[in-house]
Amino acid sequence: MNDLESQIAMELIFHSGNAKSTAMQAIVKAESDNIVEGKELIKQARKELNAAHSIQTKLMTDEMNGNTIEKTILLIHAQDHFMAATLTIDLGERMIKLHGKISSR
């Protein structure tokens with residue numbers, strides 16, 4: 001893996017990690033009955049995830065166009081972060097919705 005590929009993988013980890021952390025903060029806000037802030041944090045998490053998704057899409061497009069992408073532990077780690085962030089946001093949205101229903105009773 002060359003320096004540029006390593007940098008791209010690190011950017012994917014950075015944005016994915018931010019997305020996951022922000023989604024976790026959103027869940028904590030919802031658990032404290034602060035649904036509005038929780039929803040806003042989920043929006044921020046989605047923005048970070050979109051940035052990560054753009055990186056991932058470019059990597060896949062490059063590979064489909066014949067540019068070999070070396071599969072390294074760093075790239076696999078970056079993909080794990082992306083997947084974890086996606087799941088955390090999806091579940092976070094559902095948990096916020098559920099907390100909103102419970103707190104409105």
Side-chain angles (χ1 to χ4, degrees):
M1 179 174 253
N2 64 39
D3 288 344
L4 178 60
E5 291 170 337
S6 295
Q7 181 182 352
I8 291 168
M10 291 304 294
E11 287 177 20
L12 182 56
I13 291 168
F14 173 78
H15 289 295
S16 297
N18 285 346
K20 182 181 172 209
S21 295
T22 304
M24 291 300 294
Q25 291 171 9
I27 293 167
V28 169
K29 290 290 183 185
E31 289 171 341
S32 302
D33 293 328
N34 197 335
I35 306 304
V36 173
E37 275 189 63
K39 287 180 179 180
E40 185 56 39
L41 285 166
I42 284 291
K43 286 181 190 176
Q44 291 175 25
R46 282 260 174 227
K47 287 179 184 176
E48 285 286 347
L49 189 66
N50 287 339
H53 188 258
S54 293
I55 294 166
Q56 183 190 48
T57 299
K58 183 178 180 336
L59 287 171
M60 290 187 297
T61 301
D62 286 349
E63 188 166 68
M64 288 179 349
N65 288 329
N67 299 323
T68 303
I69 305 295
E70 185 179 354
K71 290 14 167 231
T72 64
I73 294 298
L74 183 61
L75 186 57
I76 293 166
H77 182 66
Q79 292 296 319
D80 285 344
H81 273 278
F82 180 79
M83 185 179 67
T86 302
L87 181 60
T88 304
I89 291 170
D90 290 346
L91 290 175
E93 287 175 334
R94 297 185 67 83
M95 291 174 76
I96 290 168
K97 187 182 230 181
L98 181 61
H99 278 287
K101 287 181 179 180
I102 291 169
S103 68
S104 67
R105 289 184 177 186

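Every heavy atom of this structure was used, including side-chain atoms; hydrogens, water molecules and symmetry mates were not.
- For the side-chain hydrogen bond (donor to acceptor under 3.5 Å, both in side chains) condition, the pairs that include at least one residue of residues 64-74, sequence neighbours left out, are E63-K71.
- A pairwise comparison of heavy atoms in A19 and A85 identifies CB-CB, 4.0 Å as the closest pair.
- From S54, atom OG reaches atom CG of L12 across 10.5 Å, with rounding to the nearest 0.5 Å.
- Sorted by first and then second residue, the side-chain hydrogen bond (donor to acceptor under 3.5 Å, both in side chains) pairs with a member in residues 4-13 read Q7-E11; sequence neighbours excluded.
- Residues in residues 12-26 take part in these side-chain hydrogen bond (donor to acceptor under 3.5 Å, both in side chains) pairs, two or more places apart or across chains: H15-E48.
- Checked against salt bridge (charged side-chain N to carboxylate O under 4.0 Å, His left out), K58 has the following partners two or more places apart in sequence or in another chain: D62.
- In this structure, V36 and K39 have side chains that are not in contact, with every pair of non-hydrogen atoms separated by 4.5 Å or more.
- Going from atom CD1 of I13 over to atom CD of Q79 covers 9.5 Å, rounded to the nearest 0.5 Å.
- For K29, the salt bridge (charged side-chain N to carboxylate O under 4.0 Å, His left out) test picks out E37, with sequence neighbours left out.
- Listed by chain and number, the residues in a side chain to side chain contact (heavy atoms under 4.5 Å, CB included) with M83 amount to none (sequence neighbours excluded).
- A distance of 11.0 Å separates CD1 in I8 from CG in D3, rounded to the nearest 0.5 Å.
- Taken from CG in L74 to NE2 in H77, the straight-line distance is 7.5 Å, to the nearest 0.5 Å.
- Across all their heavy atoms, N2 and L4 have their closest contact at OD1-N, 3.0 Å.
- Under the ring-ring contact (aromatic ring centres under 6.0 Å, His included) criterion, H99 pairs with no residue, sequence neighbours left out.
- Between V28 and L41, the closest side-chain pair of non-hydrogen atoms is not below 4.5 Å.
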Which side-chain N or O atoms in residues 86-97 pair as donor and acceptor under 3.5 Å with protein atoms at least two apart or in another chain?
| from | atom 1 | to | atom 2 | distance (Å) |
| --- | --- | --- | --- | --- |
| T86 | OG1 | F82 | O | 2.9 |
| T88 | OG1 | A84 | O | 2.7 |
| D90 | OD1 | R46 | NH2 | 2.8 |
| E93 | OE1 | R46 | NH2 | 3.1 |
| E93 | OE2 | R46 | NE | 3.2 |

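- A distance of 9.0 Å separates CD of Q56 from CG of L49, quoted to the nearest 0.5 Å.
- Across all their heavy atoms, G100 and I35 have their closest contact at N-CD1, 3.6 Å.
- Annotation for I102: hydrophobic cluster partners, listed by chain and number, are L98 (ILVMFWY side-chain heavy atoms under 4.5 Å, direct or chained).
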